[in-house]
Each structure stands twice: as structure tokens, then as C-alpha cells.
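Below: one structure, written as C-alpha cells.
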Amino acid sequence: MDARAPKGTTDMLPSVARAWEYMTRIASELFARYGYEPIYSPLFEHTDVFTRGIGEATDIVSKEMYTFDDRAGRSLTLRPEGTASIVRAALEHTLVPQGAFAKLYYAGPMFRYERPQKGRMRQFWQIGIEILGAAEPSADAEVIALLVRYFEALSIASTRMRLLLNSMGDEVCRPAYRETVAAHIRSRSAELCEECNRRAETNPLRAFDCKLPSCQDVMSTAPLLRDCLCPECGEHYSAVKRYLDDIGIVYDEDPRLVRGLDYYTRTVFEIQAEGLGSQNAIGGGGRYDRLMEQYGGPATPGLGFALGFERTLLALQAAGVGIPAPLRADVYVACADPSLTDAVFRLTQDLRDAEIAAEMDHQGRSLKGQLKQADRLSAPHVVIVGPEEFAEGEITLRDMRTRGQSRVRLADIVGHMGSQLDGRSD
Ligand code: AMP
């Protein structure tokens, strides 16, 4: 047996799991202020949910999905992203009846069979939001502002981030534009890689994402969608920018930002962070006004974003931002004599029941060893239960910072610790 985690996956060890919990807590607090509610969809779906929504010709569907038949022969796929599942769930449960709208957020693992590298995993974790039923450009600006504010709430300075913005047009203006790009690719086919040549037939806009310098060179002279937007898409895009300007959100227009999923219409955006190397997109999203219809549902405009946990953590590390340290123990209850372990056990439980983080020894350590352990846990207080004091109904309380000691009645210690800790500044 290979006892290592599969390629492209990692165990979220406590220090990283703590960061995930921290990020999801900040997210749920912030998102609640904007009116978002949590939603959790299955980790796998019928494969069609993704092929139809994300698009057959996208990298995700054509190369990266974990697809398998279950025992009854159904084709299922581990979710490669969140939006398709949320829109499927919203349709199934009529979360957005005519004229209504829903604001939802999710957090959890996604799966893509990609070539692993720094910031690129096969199982990675995302936090995302979706607004369904909102067609107005103010919703686009709200979603973008929320993504920026989220990273700011994690203490990534706005100067370390770059927000890219573009409009992908809609079913009125994009088909003709796709043809123009396809024609551009065909006219320069000898200079482009095989994949980009193939893209001319399947998904020409993806050629903008090719990393080869020769392809980038050719695509830098391709016609731009912003010059071909229909009047409605043009107005929508201008309004989004106006709203962002109004609230001081700085963006760079990137007419070549296309993002890898077919369902996007109109606004798309991405936030890149400093110090991450090639995988520098920490979050992104856009509008997908036709997705619900593609699933056979009513016309329901929608938009959202997803941010990647692993890359956000790398961005925090690059910015020198620490995740708050865990609370290990407010009080360490030390046992000075093996005959008193029952009393130590009871007192530790009483402290915990009073909402005080308390710890005791479970390894038969000497008193000296226990005091060392208390130091390791950064416990500011140690209660020492010793035979002499205990016989008089008392314990010794040691302040680990000043090393000062005092005697306190055993019956009073829980209340005493409670009031001491209520007054703490940290
Ligand atoms: P996407 O769903 O492709 O728009 O990605 C949204 C965010 O998820 C990106 O900005 C990344 O932060 C993150 N992400 C996407 N793919 C991966 C991956 N393979 N490994 C780690 N993070 C990823």
C-alpha cells in the first residue's frame, strides 16, 4: 500500500485546518452582513450538470474532471467548482421563484485533475458566493466589492492585490466576436500551437489564456470584445465600472480576461495577489445569466465568485500576515501527587464547564514536567493541586508570567479564574 496522500492532495494538518476555519469564519461573518446564507451541495453530481453548465470544450470538462460510474452505472463527477451545483440546487428546490432572488455562499473542496504545482492542487478548497435573480449592474459591483473586502478583512492590503475586469458580452454580441477571433487564429495558424489551432474550432476565446509566448504574441493583436459589445452589454459594463468608481474600488480593465468556463456572460473579474508566481489568481468570478436556462429552468440572471483557500493562504504568507494563534489553555491543572488525579480531573472538567479552556496531564508526567507542558501550551495560569493544600480545601494558583503564587480555596477557584479571565486584555 502507498501510505501517502494521492498526488495533488494534502492532509489539512492542524495549522492549515485552523487557517481554513479562520477564513470560513471571517467569510460567514462578512457575507452575512451582505445578506448571504449558507448552502451545501453534494460533493458529486450527475456528470451532465458540469458538461452542460461549464461547457464540453472547456479545459475543466475535457481534461480535468474526476468522472466515474457508480455501482448502478450512473455517470457521476466530483465537483470541479461550485456554481453549477448551486444553480442546479436552486432550480431543483425553486429557490428563486419568479421575481425573487437568492444570495448564497458555500465553502468546501473542489476536484480537478490538473498538473499539481505551487498553488495548484487536484483537491483544493474554495469559498464562494452566488446571487441568483439579480440582473442589475449594481449586483456585479456588490459581488466584486465583497471579494475585495473579504481579502482586506484577512489583512491582505489592497496594494498587494490587482483586480482585473472585463465584459464577455452576451448571446447577442459574443457569437460574432468568437467567429472574429477564430478567423484571427486561422489566419495566423502557423505561428500558434496545436492546442490553440484546435481552439479555433472549439473555444477560440481560450486561446487568450495560452501561456506560450508565441501564442500570446499572436493573441495580443486579436480583436477585442470590448470593441464589439452590443449596446446593452456596453451600458451594463459602464455601469459596473461607475459603481466601482463610486466606492473607490480600483480595477484594471483587461480585455483579454476570458476565464475558463463557458457559462460566463458580461462581467468577469479576477483578483491576483503579489508573491505567488504563476498561479497568482486568488479569486474570481462573473455573471452567468443563461446558466439556469441551460438546465431547463426559467431565465434567471446570476453571478458570483469563488476564491481559493490554498492560494489565499500563500498570499497571506507572502504578505507576512499570520493566522491568529489557537487558544491552547487558559489554565493548566497540575497534579502534585498521583493520589490527587481524581480531584484534578474533576476540577479540569468544572473549569471547562465554566467555559474556561483548561488542560491537564494524561501522560503521568512529574510536577516539573507538567509545568513545562503548561509553558508549551502558553497557559497563563497553573492550578497546582498538592496534598497539603488539598487537605485544607485549597489549591496553589501560579501566575506563569510573574511566577507569583497564591493560595485559593478549592471551592472558589472556578469563579476566581472566571473573573480573572474576564478581565484579560487579549
Ligand atoms: P475558478 O473556479 O477556476 O474560477 O477558480 C477560482 C479560484 O479557485 C482561483 O482563483 C484559485 O484561487 C482557486 N483554484 C482554482 N483551481 C485551483 C487548483 N487547481 N488548485 C488550487 N486552487 C485553485
Side-chain angles (χ1 to χ4, degrees), residues 5-10 12 16 19-20 23-24 27 41 43 45 49-50 53-55 58-66 77-87 105-130 143-144 146-148 150-151 154 156 160-166 168 203 205-206 208-209 211 254 257-265 267-288 291 302-318:
K7 187 172 175 187
T9 71
T10 51
M12 239 201 231
V16 178
W20 169 250
M23 282 191 208
T24 49
S41 63
L43 295 198
E45 297 273 354
V49 169
F50 303 118
I54 299 169
T58 58
D59 282 356
I60 291 183
V61 170
S62 63
K63 300 196 270 206
E64 296 171 2
M65 294 208 303
Y66 280 92
T77 294
L78 296 183
R79 62 180 189 192
E81 56 101 50
T83 303
S85 305
I86 304 298
V87 171
Y105 76 85
Y106 59 87
M110 306 292 160
F111 308 86
R112 293 183 198 170
Y113 192 81
E114 292 198 84
R115 205 160 36 79
Q117 64 179 88
K118 185 181 168 200
R120 192 161 71 190
M121 308 287 297
R122 291 184 172 168
Q123 176 177 318
F124 56 98
W125 296 67
Q126 281 189 341
I127 298 176
I129 63 146
E130 315 290 350
V143 164
I144 294 169
L146 179 51
L147 184 58
V148 171
Y150 175 72
F151 290 128
L154 292 178
I156 301 179
R160 299 189 65 90
M161 295 187 272
R162 187 161 167 238
L163 168 62
L164 303 178
L165 189 65
N166 191 22
M168 304 261 307
N203 201 352
L205 303 196
R206 289 292 285 158
F208 283 114
D209 281 346
K211 296 274 183 271
D254 179 354
L257 178 70
V258 291
R259 300 186 49 77
L261 301 92
D262 276 0
Y263 56 57
Y264 285 124
T265 50
T267 316
V268 288
F269 54 92
E270 189 164 287
I271 293 188
Q272 301 179 342
E274 258 177 36
L276 265 67
S278 67
Q279 304 302 314
N280 63 351
I282 52 176
R287 190 168 262 291
Y288 46 80
L291 187 53
L303 72 159
F305 68 62
L307 62 98
F309 163 69
E310 288 81 1
R311 288 186 206 173
T312 304
L313 190 56
L314 290 171
L316 286 172
Q317 286 161 353

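Heads up: numbering here begins at 1 and tracks the sequence. One-based numbering, in listed order, for ligands and for the atoms of each. This structure is a prediction, so every number in the text was calculated from the model and none was measured.
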Would Glu310 and Thr10 count as having a side-chain donor-acceptor pair, cut-off 3.5 Å?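 No, because no side-chain N or O of Glu310 sits under 3.5 Å from a partner of the opposite role on Thr10.
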For Leu257 against Met168, the heavy-atom pair lying closest together: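 Smallest heavy-atom distance, with atoms named: O-SD, 4.0 Å.
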Any sub-3.5 Å donor-acceptor pair from [X]'s side-chain atoms to [Y]'s backbone N or O?
X: Arg311; Y: Gly119; result: yes
X: Arg162; Y: Gln272; result: no
X: Arg160; Y: Ala318; result: yes

Given side chain to side chain contact (heavy atoms under 4.5 Å, CB included), test Asp254 with Glu270 step by step and report yes or no. CA-CA 10 Å; Asp254 179 354; Glu270 189 164 287; over 6 Å; no
I'd like the contact residues of ligand 1, where contact means a heavy atom below 4.0 Å.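 Shell around ligand 1 (4.0 Å, heavy atoms): Arg112, Glu114, Gly119, Arg120, Met121, Phe124, Gln126, Arg259, Ala281, Ile282, Gly283, Ala306, Gly308, Arg311.
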